[in-house]
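Values in this document were obtained by computation on a predicted structure and should not be read as measured data. Each ligand, and each atom within it, is numbered from 1 in the order the structure gives.
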Amino acid sequence: MSEQHFNTRAIHAGQRFDPTTGSIIPPIFQTSTFVQDGIGGLRGGYEYARSGNPTRTALEEQIASLEGGAHALSFASGLAAEDALLRGILKPGDHVVLGNDAYGGTFRLLTRIFGPWGVETTTVEMGDPQKVRDALRPGKTKVLWVETPSNPLLKITDIALLDELAHEAGAIAVVDNTFASPALQQPLALGADVVVHSTTKYLGGHSDVLGGAIVVNDDAIREAVAFQQFAGGAVSGPLDAWLTTRGIKTLALRMQRHSENAHAVAEWATTRPEFETVYYPGLESHPGHDIAARQMTGFGGMVSFALAGGAKAARAFAESTVLFQLAESLGGVESLIGYPAEMTHASVRGTELAVPENVVRLSVGIEDGGDLIADLEEALARIAW
Ligand code: PLP
């Protein structure tokens with residue numbers, strides 16, 4: 001059969017029907033261990049669920065296919081995936097370069113867990129190639145960690161350019177593709193070595209499961225991370241893996257609708273004086289718009305606003321919407337609103353990654369776009385300015 005397209009692979013990659021019953025949906029292998037046909041006689045290579053489980057394999061094959069990678073490994077959360085990756089490729093004395101508005105949890109992991117074990121992290125403005133060049137220390141920097149679009153200010157980084165800079169310095173280029181998902185952006189094809197996901201977000205897509213994934217082409221990186229996964233044990237459980245495979249089947253449709261709704265919300269927001277800045281890469285006024293248009297096939301479902309009325313107005317707005325429910329996380333079918341300075345990014349308060357206190361972040365869902373804008377309008381009307 002010829003190479004299948006993304007939408008076909010989203011539904012079929014790794015999703016073979018059950019040969020014993022014909023069940024079209026592969027079963028959830030809710031088991032911790034596998035009977036052996038004599039010592040070492042494994043059926044399909046499965047021995048114990050920490051080293052492998054067929055439901056997890058189904059998810060890993062599906063994600064690898066969608067990211068265009070040779071291997072994927074799935075984990076209990078995005079941070080568990082990041083942790084296993086970093087333990088697999090770093091050693092004491094190594095150096096990491098991270099964007100200065102990366103997800104706060106990534107910064108926390110690097111500085112508060114890996115820092116005391118002798119790994120140094122430098123944060124830098126990823127949109128300025130010279131600053132990135134200056135931050136890289138050839139021979140010492142092992143990882144250049146890129147997040148684009150970034151969380152929560154939706155900064156766009158030129159993945160191909162940054163991958164080149166990383167490789168010139170002998171570092172591995174890692175891209176956190178959580179905000180775009182492989183439906184909108186494929187970092188490995190642009191030269192990245194590793195893709196990281198919080199599958200909790202768009203891949204799962206329904207706010208009902210935590211998960212993470214690593215995707216690579218390089219066999220040695222795969223082996224190093226798989227060993228950490230096996231030895232450390234932060235694997236995704238069978239039900240979680242199954243829910244994620246189910247979510248992924250509708251990924252492309254959802255991302256299209258998330259992008260349409262987010263674009264409409266962002267355009268509307270530019271007409272409202274209450275917002276002094278609207279962060280959305282689909283707007284031509286966004287500084288990263290041209291790069292985003294080149295490396296993404298849609299601009300995604302995340303929009304942030306800076307409120308002209310400052311922190312007080314931002315907090316009041318975040319507490320005044322109804323359809324946009326106040327909650328952490330993103331990427332589900334339902335719309336969410338968050339106040340990053342005290343919610344998702346509370347752990348980076350007082351650091352160079354601190355989020356301005358007048359910023360609110362929207363995860364725009366796939367409800368009716370008109371209803372979503374009406375909800376935001378009503379919230380503005382409710383606030384005593
Ligand atoms: N990367 C990004 C961009 C995120 O937004 C998050 C979580 O919000 C993570 C990684 C961590 O993922 P998890 O919460 O699944 O551990």
Side-chain angles (χ1 to χ4, degrees), residues 59 63 67 72-87 96 98-114 121 123 126 143 145-157 159 174-182 184-185 187 192 194-215 229 232 234-237 240-241 243-244 247-248 255 258 262 279 281 296 300-304 326-332 336-348 353 355 359 361-364:
L59 171 61
I63 294 178
E67 284 289 357
L73 292 160
S74 92
F75 292 84
S77 72
L79 279 171
E82 296 185 15
D83 179 50
L85 170 69
L86 293 168
R87 277 190 284 117
V96 174
L98 176 73
N100 64 3
D101 72 334
Y103 169 60
T106 304
F107 178 76
R108 180 179 54 205
L109 179 68
L110 278 164
T111 55
R112 295 185 51 194
I113 304 286
F114 283 87
T121 297
T123 56
M126 288 288 183
V143 170
W145 190 287
V146 174
E147 192 184 307
T148 180
S150 69
N151 181 4
L153 296 182
L154 287 312
K155 282 193 196 168
I156 299 293
T157 301
I159 295 176
V174 176
V175 176
D176 184 334
N177 204 24
T178 298
F179 266 37
S181 92
L184 303 184
Q185 175 171 277
V194 181
V195 166
V196 173
H197 275 287
S198 167
T199 59
T200 313
K201 310 295 168 10
Y202 287 107
L203 293 181
H206 295 74
S207 306
D208 53 9
V209 61
L210 275 182
I214 298 293
V215 193
Q229 183 188 48
V235 297
S236 47
D240 289 357
L243 280 169
T244 310
I248 288 174
M255 290 316 291
H258 281 296
Y279 305 93
M296 300 175 78
M302 301 301 295
V303 182
S304 293
L326 181 65
E328 305 247 352
S329 202
L330 61 112
L336 299 180
I337 190 164
Y339 182 58
E342 282 184 29
M343 293 173 65
T344 48
H345 289 65
S347 67
V348 291
L353 274 77
V355 178
V359 167
R361 187 190 77 179
L362 304 182
S363 172
V364 182

Checking the side chain of T200 only, and the main-chain atoms of G211 only, is there a donor and an acceptor separated by less than 3.5 Å? yes

If only atom types and distance count, is the side chain of E82 paired as donor or acceptor with the main-chain N or O of G105 below 3.5 Å? no

May I have the step-by-step check of side chain to side chain contact (heavy atoms under 4.5 Å, CB included) for Q229 and I214, ending in yes or no? CA-CA 11 Å; Q229 183 188 48; I214 298 293; over 6 Å; no

Main chain of G331, side chain of S363: is a donor-acceptor contact present, judged purely on distance under 3.5 Å? yes

Could you tell me whether the side chain of H197 and the main chain of Y202 form a donor-acceptor pair under 3.5 Å? no

Taking side-chain contact (heavy atoms from CB on, under 4.5 Å) as the test, write out the residues that go with V359, two or more places apart. L153, Y279, S304, A306, P340, V355, P356

Tabulating one pair per line, provide the atom names and distances (0.1 Å) for every N/O atom of ligand 1 that is less than 3.5 Å from a protein N/O atom.
{"residue": "ligand 1", "atom": "1 (N)", "partner": "D176", "partner atom": "OD2", "Å": "2.7"}
{"residue": "ligand 1", "atom": "5 (O)", "partner": "N151", "partner atom": "ND2", "Å": "3.1"}
{"residue": "ligand 1", "atom": "8 (O)", "partner": "K201", "partner atom": "NZ", "Å": "2.6"}
{"residue": "ligand 1", "atom": "12 (O)", "partner": "S198", "partner atom": "OG", "Å": "3.0"}
{"residue": "ligand 1", "atom": "15 (O)", "partner": "G78", "partner atom": "N", "Å": "2.9"}
{"residue": "ligand 1", "atom": "15 (O)", "partner": "S198", "partner atom": "OG", "Å": "2.8"}
{"residue": "ligand 1", "atom": "15 (O)", "partner": "T200", "partner atom": "OG1", "Å": "2.7"}
{"residue": "ligand 1", "atom": "16 (O)", "partner": "G78", "partner atom": "N", "Å": "3.0"}
{"residue": "ligand 1", "atom": "16 (O)", "partner": "L79", "partner atom": "N", "Å": "2.9"}

